[in-house]
Amino acid sequence: MSDNDLNVKAGLRESATFDAATMTEIRRAAETGIYDIRGFGAKRKVPHFDDLLFLGASMSRYPLEGYREKCNTQVTLGTRFAKKPIVIETPVTIAGMSFGALSANAKEALGRGASACGTSTTTGDGGMTPEERGQSTKLVYQYLPSRYGMNPDDLRKADAIEVVLGQGAKPGGGGMLLGQKITDRVAQMRTLPKGVDQRSACRHPDWTGPDDLAIKIQELREITDWQVPIYIKVGATRTYYDVKLAVKAGADVVVVDGMQGGTAATQEVFIEHVGIPTLAAIPQAVQALQEMGMHRKVQLIVSGGIRNGADVAKAMALGADAVAIGTAALVALGCNHPKWDAEFKKIGSAAGYYDDYHEGKDPAGISTQDPDLMKRLDPEEGGRRLANYLRVLTMEAQTLARACGKNDLRNLEPEDLVALNVEAAAMARVPLAGTTWVPGQGGY
Amino acid sequence: MKTLDLTTTSLREINQALHQQSSEATEREWLITGAKGDHNIACGLDAAISVDIKGHAGYYCAGMNKSAHVVVHGNAGQGVAENMMSGTVRVKGQASQSAGATAHGGLLVIEGDAGARCGISLKGAEIVVGGNVGHMSCFMAQAGALVVCGDAGDALGDSLYETKIFVKGSVASLGADCIEKEMTQENLDYLTDLLNRAGVDEDPKSFKRYGSARSLYNFKVDNVSAY
Ligand SMILES: Cc1cc2nc3c(=O)[nH]c(=O)nc-3n(C[C@H](O)[C@H](O)[C@H](O)COP(=O)(O)O)c2cc1C
């Protein structure tokens, strides 16, 4: 029995308001005088895909044969303006995670895994590495406020460009990479002295507002001769308006990242208290697209807490064209793996709880620049694990789609879903299970 | 010399023609006429060609320039030569805000004034401004140099990393972690050379130098009011 269980048995009562984690944080703050910085996404419980269920086919709907009948998973992204849209074989893409936050081996592994499944990876704050371009058959190049490593040659090598306005973990915040992770290579790519804390800007340096952004997008298109799609990524906050403005500014694809979305390093207070859940953001985004007559014409990619094929299918049923994964992809590579538990404990954490990505001491060799730790991740093996995981996500999503009688993941629709509780019903805009009640609709 | 007229040829066709010079150089000298504030003129160039633009340019003129020599015979809008890698860009008139933003290399000369945020997040390019610069110039600038022959606005060099700043006139205020620094002989030699290359006739000795105090380089509780 754990200490905790013994305490409970002895009749001791932990405060719900001042629980152990809260008290530890107060003590930490009192000792250091610095706010807590960490990686990972929001850890608090928020309404999520688990609060939704599919209505499988029965009398009134006709299912498809689970193992035989075709269920398409291929999606084309960037059909609005780009001469060369991206075709992905599974609607699960790898989200932007920077070289610097992640080791070169981790980036390579992500490229290998994604390429094996015909999907895309994304660069991140810090530029494009040859390892990543080499291993990714479809690579999205992020265009961020910091413009670290931003280079027109890399821009022209990219298969798509993602203009990052924000992230779900920190909408309205810039990035940070603390000095201990700034090795020679990272420093050189970012044009900064070694060992200096890097505060990535939160605003783009050469445009403000959607009208400017439209001109910026035209510039990116002119430079790349209108070949590749241009995505706009926003953290989920005022999603309805942000998506409308992104479409108006000329995006081919809009990426909406919910508050559970992972990060490499952000203030804890930011991660837990800013933004809205992924579940609440999707219907807002879809409504905005539909009102503009752009749903499916401008593709919607959703991220933030996608873990399994059910999450993929539910996001798509709510109207997304594809999803992106960050944290789950890292876990597939071996992030937080129990085999490193003893080492996690040595640095004050435990397998499954580790979130200090910014410290660069990751025993699993993923969120680190330490050459010895990095070696622990074999990029080929990591790539195989990620490919396996992506295949499972795809097959799971197909299973659910077929059960609903759909021969294409994108034929899933909100009508296939119900919610388990009122909060999720209101956010996802689907009825509470067993009722016709969609909170907020029909006047009550 | 090949002349293209923006009033009769589309921006797309003009930029495409200029971009084609990177794979097969057929013409070294280009003249673009009829510019009336059009955005994104001559952006993404990747060849050692010279481009003269007659009229005023809008946003992002010569953006991400590599190798080319671009002259705007008029004013330039926001983000002229943003993220330039190499080559030179010269604005005969005034430039709006964020001139030379994030530029990694090359030389940007603005003969008139530049607006706010000139050289913001500069990453290695050199910028010489004949007149004044607006507020927040060189905000978070990392490398390279900014020379201001007139006055600088508020919060010059806020959160500066390693960019060198030289100002001849007054500085309205310095931003967080930006301080006046000694002008060494090495600095004077560098400035003399840069002014020469920019074709600006000023006495290097009349400038003051500003740089980073480097006190915000690593997070310290004592600096909390500056963050
Ligand atoms: C280690 C790490 C680094 C990240 N770096 C970036 C980045 O450089 N740019 C960016 O737009 N998002 C970044 N993100 C956020 C992801 O792109 C994505 O939005 C998020 O991880 C999705 O949520 P999920 O982690 O729950 O799948 C990062 C996330 C992680 C976990």
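As the structure is a prediction and not an experimental result, all values here were calculated from the model. Naming: A, B, ... by sequence-line order, numbering from 1 per chain. Below, each value reflects all heavy atoms present in this structure, side chains not excepted, and no hydrogens, waters or symmetry copies.
Both the backbone and the side chain of B/Gln142 come within less than 4.5 Å of a heavy atom of chain A. Of the two parts of B/Met64, the backbone and the side chain both hold a non-hydrogen atom closer than 4.5 Å to a non-hydrogen atom of chain A. Residue contact with chain A, scored on non-hydrogen atoms closer than 4.5 Å, involves the side chain of B/Tyr161 exclusively. The part of B/Lys66 that comes within reach of chain A is its side chain, from C-beta onward, which places non-hydrogen atoms under 4.5 angstrom from that chain. Of the two parts of A/Arg190, only the backbone, made up of N, CA, C and O, holds a non-hydrogen atom closer than 4.5 Å to a non-hydrogen atom of chain B.
Remark: B/Lys181 is not positioned above the aromatic ring of B/Tyr210, lacking an NZ or CZ atom under 6.0 angstrom from the ring centre and at most 45 degrees off the axis. Cation-pi geometry between A/Arg38 and A/Tyr354 is not met: the NZ or CZ atom fails to fall both under 6.0 Å from the ring centre and inside 45° of the normal.
Annotation: side chain of A/Pro152 is in contact with side chain of B/Met85 (closest heavy-atom distance under 4.5 Å). Between B/Ile32 and B/Leu18 there is a side-chain heavy-atom pair separated by less than 4.5 Å. A heavy-atom distance below 4.5 Å is found between the side chains of B/Tyr60 and B/Gln78.
Note on A/Glu132 versus A/Lys107: salt bridge recorded, some NZ/NE/NH1/NH2 to OD/OE distance being below 4.0 Å.
Put simply, of A/Pro145, A/Pro205, A/Pro193, the one with the most heavy-atom pairs under 4.5 Å next to chain B is A/Pro205. Interface check for chain A: of the options B/Met136, B/Arg117, B/Gln97, B/His19, the most heavy-atom pairs under 4.5 Å are formed by B/His19. The candidate with the highest count of non-hydrogen atom pairs below 4.5 Å against chain B, out of A/Thr224, A/Asp153, A/Leu220, is A/Asp153. Ranked by heavy-atom pairs under 4.5 Å with chain A, the list B/Asp46, B/Asn83, B/Asn65 is led by B/Asn83.
Note: B/Tyr190 and B/Phe166 have tilted aromatic rings, judged against thresholds of 30 and 60 degrees for the angle between ring planes.
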